[in-house]
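A short write-up of the structure that comes next.
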Amino acid sequence: QMQLVESGGGLVQAGDSLRLSCAVVGHRNSDYAMGWFRQAPGKEREFVGGIGWSAGTQKYADDMKGRCTISRDNTNNTGTLQMNSLKPEDTADYYCAVDPIHRPDTVGVEAAWRYVYWGQGTLVTVKA
């Protein structure tokens, strides 16, 4: 069974950068879409960014555009979320998620319901 192992969270200062990693374990290939979501205390989970089966398909939340980049290493079956110019409001638990089902292009990477497997979350705290 597929498992997602996240790493890279921590405490940073506003304006710093941080890279989160998501290792996909127990899956033989890289045929999946990967999404990143976050949930701050007392708030609902929200989409951060995602990458489709093809690395050319990427989408980011409006407040993350220009500040983050998602990439995938198909050889090592990992995904990364690079975040720059972090703000205190970026403080949240960050989750990676994987969808191994090849869905129509009309199903966007921002659709949380599509993801079958979720990581355990990694906490990012940004101090002002």
Side-chain angles (χ1 to χ4, degrees):
Q1 179 162 344
M2 184 186 297
Q3 290 184 318
L4 308 182
V5 181
E6 300 174 25
S7 60
L11 174 64
V12 297
Q13 299 290 327
D16 285 353
S17 298
L18 201 62
R19 176 177 292 184
L20 306 183
S21 294
C22 178
V24 181
V25 180
H27 194 64
R28 296 182 180 179
N29 55 51
S30 58
D31 293 338
Y32 49 78
M34 177 178 284
W36 288 88
F37 295 80
R38 67 185 182 187
Q39 187 167 20
K43 295 187 177 181
E44 294 186 352
R45 181 179 59 193
E46 63 179 6
F47 173 72
V48 176
I51 186 167
W53 278 54
S54 167
T57 303
Q58 298 180 32
K59 188 172 183 178
Y60 299 93
D62 287 342
D63 63 342
M64 297 303 289
K65 287 179 182 176
R67 297 198 296 126
C68 77
T69 303
I70 291 174
S71 60
R72 56 190 299 166
D73 181 345
N74 292 337
T75 300
N76 296 309
N77 238 351
T78 59
T80 60
L81 172 65
Q82 173 71 40
M83 298 186 290
N84 304 315
S85 302
L86 284 164
K87 307 173 183 178
E89 50 264 43
D90 292 322
T91 295
D93 284 307
Y94 283 73
Y95 300 87
C96 66
V98 160
D99 173 20
I101 301 173
H102 199 173
R103 304 181 193 272
D105 292 340
T106 51
V107 179
V109 292
E110 71 275 19
W113 61 264
R114 69 176 293 172
Y115 294 98
V116 179
Y117 301 99
W118 290 79
Q120 80 283 2
T122 185
L123 178 62
V124 173
T125 303
V126 184
K127 293 188 66 176

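Values reported hereafter were calculated over all heavy atoms of this structure, with side chains retained and with hydrogens, waters and symmetry mates removed. Residues: numbered from 1 along the sequence shown.
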For residues 78-112, pull every pair meeting ring pair (Phe, Tyr, Trp, His ring centres under 6.0 Å), keeping only residues two or more places apart or in separate chains.
W53-H102
Step by step, would you call Y32 with I51 a side-chain contact (heavy atoms from CB on, under 4.5 Å)?
CA-CA 9 Å; Y32 49 78; I51 186 167; over 6 Å; no
Any chance you could measure [X], atom [atom1], to [Y], atom [atom2], to the nearest 0.5 Å?
| X | Y | atom1 | atom2 | answer |
| --- | --- | --- | --- | --- |
| L4 | H27 | CG | NE2 | 10.5 Å |
| R19 | C68 | CZ | SG | 12.5 Å |
| L11 | L123 | CG | CG | 9.0 Å |
| D99 | M34 | CG | CE | 11.0 Å |

Salt bridge check: are R38 and D90 linked by an N-O gap of less than 4.0 Å?
yes
Looking at every heavy atom in both V98 and P100, which two are closest together, and how far apart are they?
O-CD, 3.8 Å
In short, A14 meets A128 closest at the heavy-atom pair CB-CA, 4.3 Å
Contacts of type side chain to side chain donor-acceptor pair (under 3.5 Å), residue N76, not counting sequence neighbours:
D73
With a sphere of 6.0 Å drawn around CZ of R103, does it hold more than 12 non-hydrogen atoms of other residues, nucleotides or ligands?
yes
How about Q3: does its CD atom have over 12 heavy atoms from other parts shown lying under 6.0 Å from it?
no
Run D93 and T122 through side-chain contact (heavy atoms from CB on, under 4.5 Å) and show every step you take.
CA-CA 5 Å; D93 284 307; T122 185; over 6 Å; no
For a 4.5 angstrom cut-off between non-hydrogen side-chain atoms, does [X] reach [Y]?
| X | Y | answer |
| --- | --- | --- |
| V109 | Y115 | yes |
| L18 | V124 | yes |
| Q82 | S17 | yes |

Between [X] (side chain) and [Y] (backbone), is there a donor-acceptor pair under 3.5 Å?
| X | Y | result |
| --- | --- | --- |
| T80 | S21 | no |
| T57 | G52 | no |
| E6 | C96 | yes |
| Y60 | I70 | yes |
| R114 | A33 | no |

Under a 4.5 Å side-chain heavy-atom rule over Ile, Leu, Val, Met, Phe, Trp and Tyr, are [X] and [Y] clustered together?
| X | Y | result |
| --- | --- | --- |
| V126 | L81 | yes |
| M2 | V116 | yes |
| L20 | V48 | yes |

What's the verdict on side-chain contact (heavy atoms from CB on, under 4.5 Å) for S30 and R72, showing C-alpha distance, side-chain angles and the deciding distance?
CA-CA 9 Å; S30 58; R72 56 190 299 166; 3.9 Å; yes
Checking side-chain contact (heavy atoms from CB on, under 4.5 Å) for the pair V25/Y117: CA distance, chi angles, key distance, verdict?
CA-CA 11 Å; V25 180; Y117 301 99; over 6 Å; no
Quick test of your reading: applying disulfide bond (SG atoms under 2.5 Å apart), list the pairs with at least one residue in residues 98-128, sequence neighbours left out, ordered by first then second residue.
none
For the residue pair F37 and W118, categorise the inter-ring angle as parallel (less than 30°), tilted (30 to 60°) or perpendicular (more than 60°).
tilted
